[in-house]
Amino acid sequence: MSEDLLIYEKSRSGRTGFSLPASVANDKPVDSFIPASFLRERKAELPEVPESEMVRHYIELSTRNHHIDRGFYPLGSCTMKYNPKVNDYAAGLPGFAQLHPLAGDENSQGALELMYNLGDSLARLTGFERSTLQPVAGAQCELIGLLLIRAALEKRGDARKHVIIPDSAHGTNPASVIMAGYEVRQVKSTQEGILSANDVAAMVDGDTAAIMITNPNTLGLFEAEIEKIARVVHDAGGMLYMDGANLNALLGQARPADMGYDVVHFNLHKTFSTPHGGGGPGAGALAVTGELVPFLPRPTVEKEGDRYYLDYDREESIGQIHSFYGNFGNLVRAYTYIRQLGAKGLRRVSENAVLNANYLMNLLKDKFELPHDRICQHEFVLSGIRQKKRGVRTLDIAKRLLDFDFHSPTIYFPLIVNEAIMIEPTETESKETLDRFAGVMLDIDREIDDNPESVREAPHSTPVRRLDEVLATKQLDVNFKG
Ligand SMILES: *Cc1c(COP(=O)(O)O)cnc(C)c1O
């Protein structure tokens, strides 16, 4: 690692990293054509370094943290798959990247066509009528989906009071329920790690607005009773919301609409390979049944003949929920991903995601407790309880992995598994990478007997060691202190 200097400390007066065309640089001084009121009084304090120094500086910084272009990132429930570079190429095409959001329908036909086709692909993949691309995160999708349900129920004459959520749910689910003005009712998962239709039936009544179910659930297991659950909830006049943040196991295999859901959300920044997790803004989408279409956020993208336009004139819409039309650059990336793979390719994504997860699960399950020992979907959840009995916590194992250039799996979630280690390898990793990761996990397990301190004190090789994560979140201080 090179010396720890800030880019300002690397600066030397007079060094430049740019060259401007002669007409601007020399021919005419800028103050001859820019009004004085727009000119700086003092020179901008910018570092003066050649391009080569600047590139090295940022490449160096980029290796200080872990990211998907550096190595394996098995963060469960986050689908850290490789983001193909062709997505960035497409998003960078000047017709997309330089398009002004207020350019008007006539000047934005290509962008509108892309949004129309992407929305259509997502609706068809999941079996629904229409979709919206405005939400910019999974959590925002949840809130909007619940508001759509509320609007539809109000139109029927009864908004109702509560939403049922399983105990394996992602934390954003209950938060969204509260924000949408509902109360949370929690239903327990069975010993098998899935929901029982009987348990749900015992909880559903005339005040049930909806049930939110992640499928496959956060244990990586398919909710096998989903059709029965859908009947129970629909018969009582409620609706079904699917948290589809991670659709990696379902692409081309099964459609949420066929399972009985009324709404599904997508995290384009998970399943559809757009960057996330410090790597860029997210993008969500929601697909809905015909009953919910009138309430979708405005504007919607519509097609008339071969012309596309934005429709703001939607009386029953819950309104606009994001500036302009969503995170357009990420919509281009997701569309590129879908078009490049096609229907067959998407099916292979899910086949390989499930295969990789099961392969890795089988390499690890002898040494690490596997509370739900059955075929998993795109991810699986181990428990570190055996290791804890030997004096090392799941947190320590997660930290030790960093020394081997792996990102840690998700830990201590879902809450219903003690010392949870939630692993999602994704389809973009090779057998060799999975073998290497499993080998390191087994080495760490042996190290617990040979040298437990080394695990408890890890990481040893990262730029910083153990951080006070609570303090770091509460008192964010990103200043460099040399
Ligand atoms: C990631 C995730 C969410 C939240 O998505 P964000 O884009 O982070 O808001 C919701 N549910 C599940 C199951 C998830 O994995």
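Note that the coordinates shown come from a computational prediction; the quantities given were computed from them, not determined experimentally. In each ligand, atom 1 is the first atom listed, and ligand 1 is the first ligand listed.
Protein heavy atom at the shortest distance from atom 6 (P) of ligand 1 is G138 N, 3.4 Å. Atom 5 (O) of ligand 1 has N267 ND2, 3.0 Å as its closest protein atom, hydrogens excluded (heavy atom only). Summary of contacts: the protein heavy atom closest to atom 9 (O) of ligand 1 is A139 N, 2.8 Å.
Taking only non-hydrogen atoms, the option from M212, K270, H170, H276 nearest to atom 1 (C) of ligand 1 is K270.
In terms of polar-atom proximity, defined here as any N/O pair under 3.5 Å, Q140 makes no such contact with ligand 1. Residue-to-ligand polar distances keep C78 apart from ligand 1: every N/O pair is separated by 3.5 Å or more. At least one N or O atom of D243, backbone or side chain, sits closer than 3.5 Å to an N or O atom of ligand 1. Ligand 1 has no N or O atom lying under 3.5 Å from any N or O atom of A245, backbone or side chain. Between H269 and ligand 1, at least one pair of N/O atoms sits closer than 3.5 Å.
Judged purely by atom type and a 3.5 angstrom limit, D207 has no side-chain atom pairing as donor or acceptor with the backbone of R160. Put simply, the side chain of E142 gets close to the backbone of N173: a donor and an acceptor are under 3.5 Å apart.
Classification of the F72-F406 ring pair by plane angle, with boundaries at 30° and 60°, yields perpendicular.
Tested against T79, the residues H269, K270, E424 include a single side-chain hydrogen bond (donor to acceptor under 3.5 Å, both in side chains) partner, E424.
Counting only heavy atoms, the protein gets under 4.0 Å from atom 11 (N) of ligand 1.
Atoms of ligand 1 found under 4.0 Å from any heavy atom of E142, numbered from 1 in the order shown, are 10 (C), 11 (N).
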Please evaluate residues H276 and N330 with respect to the criterion side-chain hydrogen bond (donor to acceptor under 3.5 Å, both in side chains), reporting the C-alpha separation (whole Å), side-chain torsions for both, the decisive distance (0.1 Å), and the verdict. CA-CA 10 Å; H276 65 138; N330 273 355; over 6 Å; no
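Atom CD1 of I178 has more than 12 neighbouring heavy atoms from other residues, nucleotides or ligands inside a 6.0 Å radius.
Contact of the R393 side chain with the Y412 side chain is registered, since non-hydrogen atoms from C-beta on lie closer than 4.5 Å.
Separation of atoms CG (L346) and CG (L250) is listed at 12.0 Å; rounding is to 0.5 Å.
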